[in-house]
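Okay, so here's the structure we're looking at.
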Amino acid sequence: MAIQVDKQFLEKGHVGAMIEWLASIGKTENGGVTRLLYSPSWLDAQLALKNKMDQAKLVTYFDSVGNLFGRFPGTESNGKTILTGSHIDTVVDGGKYDGAYGIIASFIAVLRLFQTYGYPKKTIEVVSLCEEEGSRFPLTFWGSRNISGSYNLESVKAIKDPEGIEFLEAMNQAGFDPEKYTPPVRDDVERFVEIHIEQGMILEKNQNQIGIVTHIVGQRRFTVHINGESNHAGTTPMQYRKDAVSTAAHFISFLTEKARGVDPQLVATVGRLNVKPNVPNVIAGEVEFSLDIRHHQEAVIDHYCNEIFTEFNRVAESLNIEVAISQWMDVKPVKMDVEMYAWTREIAEERNYRYQEMISGAGHDAQVFGSVCATSLLFVPSQNGISHSPKEFTSLEELETGIELLTELLYKLAY
């Protein structure tokens with residue numbers, strides 16, 4: 001039996017109006033969006049979304065860390081839930097589509113299904129996850145990792161933001177009292193579906209409308225510290241130098257070339273470099289650089305790390321220089337659900353969508369859910385591959401194609 005839903009949600013193109021509406025909460029002078037976890041703009045956005053869900057007759061609630069859910073209960077009593085959505089937080093001065101599109105697309109898709117078919121057999125919930133980016137506090141996936149059970153209050157007790165505000169204090173200020181915390185672990189989620197902008201240029205370059213993700217890469221991050229010897233730039237012969245900069249240059253060149261040769265899908269990035277004393281006429285005594293390594297197979301990352309760190313240690317020993325390598329991130333690769341991949345591909349082919357398989361080089365909440373339940377991640381194109389920027393853009397036509405695909409997939413999963 002059909003149920004009345006506000007007609008605006010059924011209209012093609014309404015996704016654009018909702019994107020602009022949500023982007024107005026936390027809008028920056030540059031036309032970007034800043035919504036950091038537990039900030040006033042973050043809270044305003046979650047409450048505004050809750051109000052929209054209430055108006056649409058979803059059953060709404062927050063869990064104890066601030067994840068927002070809007071539910072259409074299922075008619076079958078198997079207790080299983082189909083969960084769909086993305087994250088509400090942004091980077092500083094970020095784009096209006098990252099995370100937000102996934103929430104809005106899920107909301108619209110579920111309302112269209114509700115209008116046409118009524119209540120689903122299996123419960124469907126749209127989720128606006130409280131945090132994914134790690135933009136305010138030095139952790140990521142606070143929302144999804146609470147749901148999966150890998151984070152709790154112990155994980156954040158010692159954490160502060162750059163202003164010195166403690167995590168638990170910020171949480172309390174936003175209305176989520178740590179004293180009332182109950183672990184929001186969910187064991188009823190049968191499947192999770194996330195749709196997201198690609199944040200890269202592959203779909204656009206290939207003129208495809210949809211990316212169906214097969215794997216999300218693992219990530220390892222390291223800090224490499226080289227301790228040489230500062231000395232006079234004019235009076236120290238080359239053969240007697242313990243130059244931390246030239247050693248770092250060799251390391252960076254080596255790891256870059258090795259990444260190109262090990263596997264086409266492997267990426268390695270040195271994004272931060274600190275030099276001491278960092279003056280023109282002194283041989284640098286210390287260099288510290290970051291190293292970010294990503295691939296969708298753990299064995300490839302293991303092999304690559306062994307190759308480059310063996311070379312680092314060999315060179316350090318030959319030059320009598322100290323090298324310390326400290327690891328501070330180890331996120332495992334995750335494979336997306338094969339069954340949902342096949343269903344999504346069938347839908348794309350039936351509707352003549354131009355699609356391709358993809359490996360996600362960026363982390364997403366689907367990575368967390370993929371370790372605990374069957375999970376699917378879908379991409380729509382990003383113009384010029386730009387993301388985390390006010391210039392982030394995806395056309396209305398491409399956004400709508402993503403919603404249509406998501407709607408069909410959710411119908412198969414829940415109806």
Side-chain angles (χ1 to χ4, degrees), residues 8-9 11-53 66-68 70 84-111 126-136 140 143 194-204 209-211 360 362-366 377-406:
Q8 65 179 338
F9 296 112
E11 296 171 357
K12 286 193 175 184
H14 183 65
V15 59
M18 284 204 71
I19 290 283
E20 295 300 327
W21 164 76
L22 193 52
S24 70
I25 306 173
K27 188 174 182 178
T28 67
E29 293 180 358
N30 297 323
V33 185
T34 300
R35 286 193 298 263
L36 307 184
L37 177 63
Y38 299 141
S39 67
S41 59
W42 173 93
L43 181 59
D44 287 347
Q46 286 289 66
L47 292 175
L49 277 169
K50 183 179 185 300
N51 186 50
K52 285 279 188 188
M53 291 179 178
N67 293 314
L68 170 65
T84 182
S86 195
H87 61 95
I88 191 65
D89 68 312
T90 71
V91 299
V92 174
D93 204 22
K96 62 183 71 170
Y97 301 88
D98 180 3
Y101 169 62
I103 300 167
I104 291 167
S106 295
F107 181 53
I108 291 174
V110 167
L111 289 186
V126 178
V127 61
S128 176
L129 294 159
C130 65
E131 194 276 339
E132 186 253 20
E133 297 284 5
S135 299
R136 181 176 182 184
T140 55
E194 181 174 15
I195 191 164
H196 206 279
I197 59 168
E198 181 195 345
Q199 300 180 279
M201 59 187 70
I202 294 172
L203 287 173
E204 185 180 60
Q209 298 166 289
I210 295 290
S360 176
H364 295 282
D365 289 298
L377 176 61
L378 309 173
F379 285 158
V380 294
S382 295
Q383 188 177 80
N384 298 320
I386 295 173
S387 186
H388 284 182
S389 161
K391 295 180 181 179
E392 188 176 87
F393 179 77
T394 301
S395 72
L396 282 178
E397 181 182 359
E398 290 164 335
L399 296 174
E400 184 60 41
T401 297
I403 293 173
E404 290 172 357
L405 177 63
L406 178 63

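Sequence positions, counted from 1, serve as the residue numbers for this chain. Everything numeric in this text was worked out from a predicted model, so none of it was measured.
Under a 3.5 Å cut-off, the side chain of Ser41 and the backbone N or O of Ile25 do not form any donor-acceptor pair. Checked by atom type and distance alone, the side chain of Glu198 pairs as donor or acceptor with a backbone atom of Leu203 at under 3.5 Å. Between the side chain of Asn67 and the backbone N or O of Gly143, at least one donor-acceptor pair lies under 3.5 Å. In terms of modelled atom types and a separation under 3.5 Å, the side chain of Glu398 and the main chain of Ser395 share a donor-acceptor contact.
Contact record, Thr394 with Pro381: OG1-O, 2.6 Å, taken as the closest heavy-atom pair. Shortest non-hydrogen contact noted between Thr140 and Glu132 is CB-O, 3.4 Å. Nearest approach of Gly26 to Arg35, heavy atoms of both residues: CA-CG, 4.4 Å. Nearest heavy-atom pair across Gly402 and Ile210 is CA-CD1, 4.0 Å. Closest of all the heavy-atom pairs between Pro390 and Gly31 is CB-C, 4.0 Å. Considering every non-hydrogen atom in both Ala362 and His364, the closest pair reads O-CD2, 3.4 Å.
Separating the CD atom in Gln46 from the CG atom in Leu37 is a distance of 9.5 Å, to the nearest 0.5 Å. To the nearest 0.5 Å, atom OG1 of residue Thr90 and atom CD of residue Glu392 are 9.5 Å apart. One distance of note links CG of Asp89 with CD of Glu133; it measures 5.5 Å at 0.5 Å rounding. Of the inter-residue distances, the one linking Leu405 atom CG with Gln209 atom CD reads 10.0 Å to the nearest 0.5 angstrom. Here the CG atom belonging to Leu49 is positioned 6.5 Å from the CG atom belonging to Leu68, to the nearest 0.5 angstrom. Between the CD1 atom in Ile104 and the CD1 atom in Ile19 there is a gap of 4.0 Å [rounded to 0.5 Å].
Within the 4.5 Å cutoff, side-chain heavy atoms of Ile88 are placed close to those of Leu22. Phe379 places none of its side-chain heavy atoms less than 4.5 Å from the side chain of Ile202. In this structure, Ser86 and Ile195 have side chains that are not in contact, with every pair of non-hydrogen atoms separated by 4.5 Å or more. When side chains are defined from C-beta on, His87 counts as touching His196, because their heavy atoms get closer than 4.5 Å. In this structure, the side chains of Glu131 and Arg136 stay at 4.5 Å or more apart for every pair of heavy atoms.
Remark: the Gln199 side chain and the Ser382 side chain contain no N/O donor-acceptor pair separated by less than 3.5 Å.
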Checklist entry - Run the side-chain contact (heavy atoms from CB on, under 4.5 Å) check on Thr401 and Val380 step by step: do they pass? => result CA-CA 8 Å; Thr401 297; Val380 294; 5.9 Å; no

Next on the checklist: Does Asn384 form a side-chain contact (heavy atoms from CB on, under 4.5 Å) with Lys391? I'd like the steps, not just the answer.
Outcome noted: CA-CA 9 Å; Asn384 298 320; Lys391 295 180 181 179; over 6 Å; no

Item to check | Stepwise side-chain contact (heavy atoms from CB on, under 4.5 Å) check, Met18 with Ile103 | outcome: CA-CA 10 Å; Met18 284 204 71; Ile103 300 167; over 6 Å; no

Checklist entry - side-chain contact (heavy atoms from CB on, under 4.5 Å) between Trp42 and Cys130: does it pass, once the steps are laid out? => result CA-CA 8 Å; Trp42 173 93; Cys130 65; 3.5 Å; yes

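By the 6.0 Å contact criterion, NZ on Lys50 is enclosed, its count of non-hydrogen atoms from other residues, nucleotides or ligands being greater than 12.
Residues meeting the ring-ring contact (aromatic ring centres under 6.0 Å, His included) test with Tyr101, sequence neighbours left out: none.
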